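Chain identifiers are assigned alphabetically (A, B, ...) following the order of the sequence lines, protein sequences preceding nucleic acid strands; residue numbering begins at 1 within each chain. Everything numeric here is computed off the predicted structure, so don't read it as measured data.
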Amino acid sequence: MQRSPLVFALQLLVTLLAAAFLVVPALTSILAGLTVNYFQGVRSGLTLDWVAQVWGLYAPTILRSIVLALGTLAVTLVIGVPAAWALARKPGRMSRLVEEVVTLPVAIPGLALALALILAYGGIREFRASILFILVGHVLYTLPFMLRSVMAVLAAVDVRTLEEGAASLGASPWQRFIQVVVPNARPGILAGALMVVTLSIGEFNLTWMLHTPLTQTLPVGLADSYASMRLEIASAYTLVFFIMIVPLLIAIQMMGGERAAKTRK
Amino acid sequence: MSNNHTPGAAITLVGCAKTFADGTRALEPLDLAIAPGETLVLLGPSGCGKTTTLRIIAGLESPDAGGKVLFDGADVTRLPIEKRNVGMVFQSYALFPNMSVVENVAYGLRVRGVAKAERLARAGEVLEMMRIDALADRRIDQLSGGQRQRVALARALAVRPRVILLDEPLTALDAALREHLRAEIDGLLRRLAITAIYVTHDQAEALALGDRIVVMRHGAIAQIGTPREIYFRPADDFVAGFVGVTNRLEGAVRGGRFETAAGALAVEAADRAAATLAFRPETAQLCVAAGSGLRFRVDQVHFQGARQRVLLSAADGSRIVLEAAAEVVLSAGDEVGIALDPSRIALV
């Protein structure tokens with residue numbers, strides 16, 4: 001198809017403008033975290049002081065968010081992968097119903113979900129005060145993402161027939177799960193893990209309701225810094241968040257990409 | 001490999017019916033006895049219950065209450081597939097994408113706890129027997145359809161099963177390859193003397209491979225017999241129509257003669273007001289000389305080299321097809337007679 005240079009130039013312009021519209025705020029925010037005085041602009045000079053201050057003030061929230069994300073990931077793996085397997089084996093009305101119910105927490109506002117958890121379990125003091133309380137909320141919210149991405153892959157590789165093949169060769173249900181189902185679900189597990197970790201690290205709605213002053217997470221700390229600190233500190237905090245999440249995303253993507261390349265070889 | 005193979009099991013199905021959870025009746029109560037070492041083909045159109053029957057034998061489905069599956073006389077109805085020691089080849093092959101060819105073939109030995117060196121050696125032997133040892137280290141997605149089919153067969157045979165179950169194993173392949181692999185599978189099954197149950201909807205495959213064929217329709221057996229019996233003496237119209245081209249002539253039986261618009265023919269049958277004579281195109285002899293029993297007019301002649309296919313019609317307009325030697329010169333409008341071998345006709 002011949003494409004007129006004018007049309008191409010217009011398409012390029014629109015794309016670049018849209019990209020700029022999305023990227024500029026991120027860059028502004030990062031820059032704000034590195035400027036001595038945001039209201040005077042870059043002329044006031046660049047500094048890492050704010051980043052250092054964020055670290056001093058909020059390092060525990062950052063570590064807590066990482067621990068929470070990994071814990072959420074562990075729980076969603078242990079629950080989500082076998083559940084996806086069970087649902088993929090017996091497709092039907094029941095399994096669709098289960099899938100819908102598991103997905104509900106995504107549709108319900110995080111605040112409502114948190115309120116329900118507090119009403120039901122808030123009375124158990126140790127539980128309410130611990131990070132586990134937030135973990136439960138995060139698992140509820142992220143589980144459908146793990147479940148659905150694993151289920152999609154299991155359906156695509158026709159895991160039922162693969163399992164029947166393994167069973168015909170004498171493999172017990174446990175051997176089938178470990179040796180056939182999990183390895184072939186790997187792309188789905190990786191994609192699900194990516195979703196779970198990023199959603200958990202960035203989750204604010206639920207966490208804001210569930211946290212106590214001693215169980216602040218990174219996004220809750222961010223809100224706190226916006227409300228009570230200099231704009232530069234909040235911006236530097238955003239920068240820290242970027243520095244944490246971007247390498248993580250790249251690493252998980254690369255793991256998935258390597259696997260895909262190997263399969264295609 | 002072939003001499004230390006577990007001898008094939010005798011398989012018996014007693015009153016095996018299958019009703020699915022949604023109430024669909026997939027299989028009427030079915031009795032079937034399969035001899036050790038026999039190759040039995042389940043043949044029929046889709047939805048006839050042939051795959052359900054295979055899956056009940058495999059242990060992937062359980063029959064409705066009352067049904068029983070026996071292997072060498074032992075009741076295995078309650079045993080899941082992994083405890084039945086069957087080999088199974090799936091239509092989609094079900095090869096594990098996360099393993100190489102040799103790992104796939106060795107998998108059955110791996111779950112049986114055979115040490116790695118031994119299981120790889122034994123898998124290697126089976127690959128050699130199937131003449132695909134060069135592919136041992138390939139990944140599954142690097143294989144062609146025919147290669148996958150061979151790997152699937154090798155994997156099923158590597159555990160030395162008592163019975164091998166093949167579910168439309170050639171359906172996914174193109175016609176030329178299908179014929180080639182059909183001959184290969186036939187040779188292999190005979191050499192191993194393993195009990196084999198082969199599901200197909202392809203009559204040519206069924207006729208070529210089966211010691212016996214079970215023709216199925218609507219979840220029930222329409223006919224069981226050797227390929228020759230099925231082909232030459234089909235039990236009913238359905239079997240006749242499903243397996244090969246069949247000619248039929250409507251008429252009546254009177255005094256040991258089948259009388260039809262084309263003439264009369266001596267048959268061994270009781271008198272009947274309405275009867276259908278069925279026969280295959282290649283079983284009729286064409287006689288150009290007048291005077292024989294059944295008379296037809298030539299409509300069309302299709303010369304095919306070694307043979308010619310002749311389309312004929314009787315006085316009442318009923319049409320038949322037959323095959324004649326190429327030497328006989330025929331043209332449309334000729335009057336011909338045909339002679340039928342009484343052992344190769346069916347009166348239904």
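Heavy atoms of B:R84 lying under 4.5 Å from chain A are absent altogether. Contact of B:L109 with chain A is not made at all, since no heavy-atom distance falls under 4.5 Å. Both the backbone and the side chain of A:Q179 come within less than 4.5 Å of a heavy atom in chain B. Contact of B:R138 with chain A is not made at all, since no heavy-atom distance falls under 4.5 Å.
Residues A:V180 and B:M99 share a closest heavy-atom pair of CG2-CE, 4.4 Å. Contact between A:A171 and B:Y107 at its shortest, heavy atoms only, is CB-OH, 3.6 Å. B:E82 approaches A:P173 most closely through the heavy-atom pair OE2-CD, 3.6 Å. For A:N184 against B:N98, the heavy-atom pair with the smallest separation is ND2-OD1, 3.0 Å. B:I81 and A:A167 get closest at one heavy-atom pair: CG2-CB, 3.4 Å. The minimum heavy-atom distance between B:V111 and A:L169, with the atom names listed, is CG2-O, 3.4 Å.
Inter-residue side-chain proximity for A:L162 and B:P97 is flagged as met; some heavy-atom pair is nearer than 4.5 Å.
Within a 6.0 Å sphere centred on CZ of A:F242, heavy atoms belonging to other residues, nucleotides or ligands number 12 at most. Counting heavy-atom neighbours within 6.0 Å of A:F204 CZ, excluding the residue itself, gives a total above 12. Within a 6.0 Å sphere centred on CZ of B:R112, heavy atoms belonging to other residues, nucleotides or ligands number more than 12.
Each of B:P80, B:G59, B:A156, B:G108 has some count of heavy-atom pairs under 4.5 Å with chain A, and the biggest count is that of B:G108. Heavy-atom pairs under 4.5 Å with chain A were tallied for B:V86, B:N104, B:L60; the largest tally goes to B:L60. Contact count against chain B (heavy-atom pairs under 4.5 Å) is highest for A:T161 among A:V157, A:D158, A:T161.
Scanning for side chain to side chain contact (heavy atoms under 4.5 Å, CB included) contacts around B:C16 gives B:L13, B:I56, B:P63, B:V69, with sequence neighbours left out.
Residues of residues 87-94 of chain B that come within less than 4.5 angstrom of chain A, heavy atom to heavy atom, are B:M88, B:F90, B:S92, B:A94 in numerical order.
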